[in-house]
A.B. asks: 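Handing you a structure now.
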Amino acid sequence: MLSLIAALTLQTAAPHVIPDGGRISEERKCFTLSMTRDGQTRPIGLTWQTIERDTVDGRPVLRVVVHQSVNGGAFDMRDEFLLEAATLRPISLINTRQGQVHVRATYGPIASRVRPSPTVSPPLSTCP
């Protein structure tokens with residue numbers, strides 16, 4: 001019991017660290033999703049991961065998108081996270097499935113004016 005109390009005390013005494021979003025660069029990555037069955041591996045889909053710098057209501061933000069397409073688009077899901085550029089604090093999350101908004105989570109006053117950005121992910125046909 002004393003070790004638990006000591007651990008909790010040390011945890012709250014630790015310095016508060018705010019991430020530095022300035023160290024994150026814009027990037028686009030594409031990954032092929034593969035499935036192995038009976039020793040045979042074949043591609044079944046793609047995942048695009050994108051980080052872009054943007055401005056929303058005059059505030060610098062990072063737009064992080066993870067877009068997955070499987071079986072030629074039979075399953076298509078896109079998560080778009082909007083983060084404060086400097087601190088990486090979340091502003092919003094928009095999850096779309098088959099092109100329709102499925103989940104919208106907002107974390108601050110700017111988020112109510114945020115809309116999905118259709119230009120972030122290229123069409124999911126092949127990785128370059």
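As a basis for the values below, the full set of heavy atoms in this structure was taken, side chains included, without hydrogen atoms, waters or symmetry mates.
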A.B. asks: Distance only, no hydrogens: is a donor on one side chain within 3.5 Å (strictly under) of an acceptor on the other, for D76 and H67?
C.D. replies: yes
A.B. asks: Using the side-chain contact (heavy atoms from CB on, under 4.5 Å) rule, pick out the option among T96, L93, I94 that qualifies with D79.
C.D. replies: L93
A.B. asks: Looking at S69 and L33, what are the two nearest heavy atoms and their distance?
C.D. replies: O-CD1, 4.5 Å
A.B. asks: On a heavy-atom basis, which atom in T32 and which in P43 lie closest, and how many Å separate them?
C.D. replies: CG2-CB, 3.6 Å
A.B. asks: Do R63 and I51 make a side-chain contact, defined as non-hydrogen atoms from C-beta onward lying under 4.5 Å apart?
C.D. replies: no
A.B. asks: With a 4.5 Å limit on heavy-atom distance, are the side chains of Q68 and L46 in contact?
C.D. replies: no
A.B. asks: Could you check whether any side-chain heavy atom of I91 comes within less than 4.5 Å of a side-chain heavy atom of L83, counting everything from C-beta outward?
C.D. replies: no
A.B. asks: For residues E52 and R28, determine if any side-chain heavy atom of one lies less than 4.5 Å from a side-chain heavy atom of the other.
C.D. replies: yes
A.B. asks: Does a side-chain heavy-atom distance below 4.5 Å link L62 with I24?
C.D. replies: yes
A.B. asks: Could you check whether any side-chain N or O of D38 sits under 3.5 Å from a backbone N or O of Q40, counting only pairs where one atom can act as donor and the other as acceptor?
C.D. replies: no
A.B. asks: What I'd like to find out is whether the side chain of Q49 reaches to under 4.5 Å of the side chain of F31, using heavy atoms alone.
C.D. replies: yes
A.B. asks: Using side-chain heavy atoms (C-beta onward) and a distance below 4.5 Å, is V61 in contact with R53?
C.D. replies: no
A.B. asks: If you apply the rule side-chain contact (heavy atoms from CB on, under 4.5 Å), what do you find for R78 with V65, and how did you get there?
C.D. replies: CA-CA 7 Å; R78 184 176 188 268; V65 176; 3.8 Å; yes
A.B. asks: Here's a test for you: under side-chain contact (heavy atoms from CB on, under 4.5 Å), which of E80, R104, H102, Q100 qualifies with N95?
C.D. replies: H102
